[in-house]
S.K.: 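Below are the structure tokens for one structure; questions will follow.
Within every chain, numbering begins at 1; the chains are lettered A, B, ... in the order of the sequence lines, protein sequences first and strands thereafter.
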There are 2 protein chains.
Amino acid sequence: MEQLEPFTYNHEDNIKNLNTYQDHDRKFKSKNLEAERRRRKKLSDRQLELRSLVPVITKMNKATIITDAIAYIEDLTKCVDHLTDQLLQMDKETDCVLGENMKPDGETTTSTAAIEKDIINNWGITKPEVHVIKVDGGRLWIKMVFEKKKRGGLTKVIEAMAVLGFDLIDTSVTTSKGAVLFTTFLEVICGGTMLPDAARIKEFLFEVVRNI
Amino acid sequence: MEQLEPFTYNHEDNIKNLNTYQDHDRKFKSKNLEAERRRRKKLSDRQLELRSLVPVITKMNKATIITDAIAYIEDLTKCVDHLTDQLLQMDKETDCVLGENMKPDGETTTSTAAIEKDIINNWGITKPEVHVIKVDGGRLWIKMVFEKKKRGGLTKVIEAMAVLGFDLIDTSVTTSKGAVLFTTFLEVICGGTMLPDAARIKEFLFEVVRNI
DNA sequence: CCGAACACGTGAAAC
DNA sequence: TGTTTCACGTGTTCG
């Protein structure tokens, strides 16, 4: 085909020349040829690693590997959600059982109703103070100052920490004249990437300490 | 160098011709040009989708996106493992409790019996350590070292403090490699169900930390 | 023979 | 500045 005449690029020759005169003759070599090769290799390695992590691979294509990885991540997140739901439900049940057992009059009030009642009754006078600082990937530093209005309030705070999946490394609680200073350095159990943003944690904890 | 003579490929010319005569003149067009474009777009889209699924992206690089996805998958699997462990443990516990509660003869097994049973069942590897020191009339200093076997254990401790009618003045909790050091300086509230007898408090707390 | 998948070197552009 | 990342069109291989 004379149409293809101007296009006389020969890849094999080019490769051969590159390999032969790799360091001596740079006439046909871009400056970033080796860098590009490194980049390609790195990307390829990552994709290989990703493939090795995903259990079910429908096809060996690069695109399908990513698709399978996406499906796997979705499955995993769904699994995590389901498990946490189950765990929370179970936590709530055991709490309910304990609460009922401790009640002397034997009245069966659900914990949600009790919480609602608490919300109505305890209208905070002083606004609680909550600080959440992300130290690194999976570590947080939290400081809270709030007013202790009833006994067992600290239990709720520690409970909230457990619900959030926090592993308290170093915690200090100081009480003085009805005010509580709670500071903690903690690690997120489920891993750094699962970490919700500090603002959300702060909001959640604010609601927690608001109701105690 | 005549060796490199055949390399007359001109990318710009090729692009220009492609843009100008995209559908009319296919002189410089490979047969699989459009297919390759489709493939690239598909792959790019998948990577975009993957990126949108991973919450923490350190860099926007294609390689780092995959790296982050790998880290995310590892975190997720770790989280799933952890949650299933917890769930299994909790299932076992509730089974134990329910089994006792479900006694058909209606016999009211006291909690002490349950505790005794637990003592028999759970033979801890490391014996927990509990110290209770009476500072003055209504003030105590407590130090406990125990092994954390499950999440929410700290909640039980704080709960026990509330049950005992203790008002925690200054508390410190330090965790390291599954071991927990809990120290507190507290005040006994008048309405407490238990008298501040150090030995009895120590026994009670020992049972509490033994079961967590 | 053809479509799909891939690695390659390259120029442009971003940081 | 220059190093790095990206999209591009290409030739080749495989089913």
S.K.: D:dC8 P sits how many Å from B:Arg38 CZ, rounded?
M.R.: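 It is 14 Å, rounded to the nearest whole Å.
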S.K.: Okay, side chain of B:Thr175, backbone of A:Leu168: is any donor-acceptor separation there less than 3.5 Å?
M.R.: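 Indeed, once roles are kept as given, a pair shorter than 3.5 Å links the two residues.
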S.K.: Whole Å only: how far is the CE atom of A:Met60 from the P atom of D:dC14?
M.R.: 16 Å
S.K.: Tell me the interatomic distance from A:Arg40, atom CZ, to D:dT5, atom P, rounded to whole angstroms.
M.R.: 13 Å
S.K.: Can any side-chain N or O of A:Ser52 pair as donor or acceptor with the backbone N or O of A:Glu49 at less than 3.5 Å?
M.R.: yes
S.K.: Quick one: does any side-chain atom of B:Thr67 pair with a main-chain N or O of B:Ala63 as donor and acceptor, under 3.5 Å?
M.R.: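 Pair found, side chain donor or acceptor close to backbone of B:Ala63.
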S.K.: What is the separation between atom CD on A:Gln47 and atom C1' on C:dA5, rounded to the nearest whole Å?
M.R.: 12 Å
S.K.: Whether A:Lys59 contacts C:dA5 is assessed here as follows: a side-chain N or O lying under 4.0 Å from the phosphate OP1 or OP2. Is that the case?
M.R.: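 A:Lys59 to C:dA5 OP1/OP2: side-chain N or O found under 4.0 Å.
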S.K.: Output yes when A:Glu36 and A:Arg39 qualify as a salt bridge under the 4.0 Å nitrogen-oxygen rule, no when they do not.
M.R.: yes
S.K.: Any idea which of C:dC6, C:dG9, D:dT5 is nearest the A:Leu33 side chain?
M.R.: C:dG9
S.K.: For A:Lys62 and C:dA7, what is the distance between atoms NZ and C1' respectively, to the nearest whole Å?
M.R.: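 In whole Å, C:dA7 C1' and A:Lys62 NZ are 8 Å from each other.
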S.K.: What is the distance from CZ of B:Arg39 to P of D:dC8, rounded to the nearest Å?
M.R.: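 To the nearest whole Å, that distance equals 12 Å.
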S.K.: If we call it a pair only when both distances are under 3.5 Å in a Watson-Crick or G-U wobble match, what pairs with D:dG9?
M.R.: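 Pairing partner: C:dC8.
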S.K.: Nearest whole Å is fine: how far is C:dA7 C1' from A:Arg37 CZ?
M.R.: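 From A:Arg37 CZ to C:dA7 C1': 11 Å.
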S.K.: Could you state the CG-C1' distance from A:Asn32 to C:dG9, rounded to the nearest angstrom?
M.R.: 9 Å
S.K.: Is B:Glu36 side chain donor-acceptor paired with the C:dC6 base, going by distance under 3.5 Å alone?
M.R.: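 Pair found.
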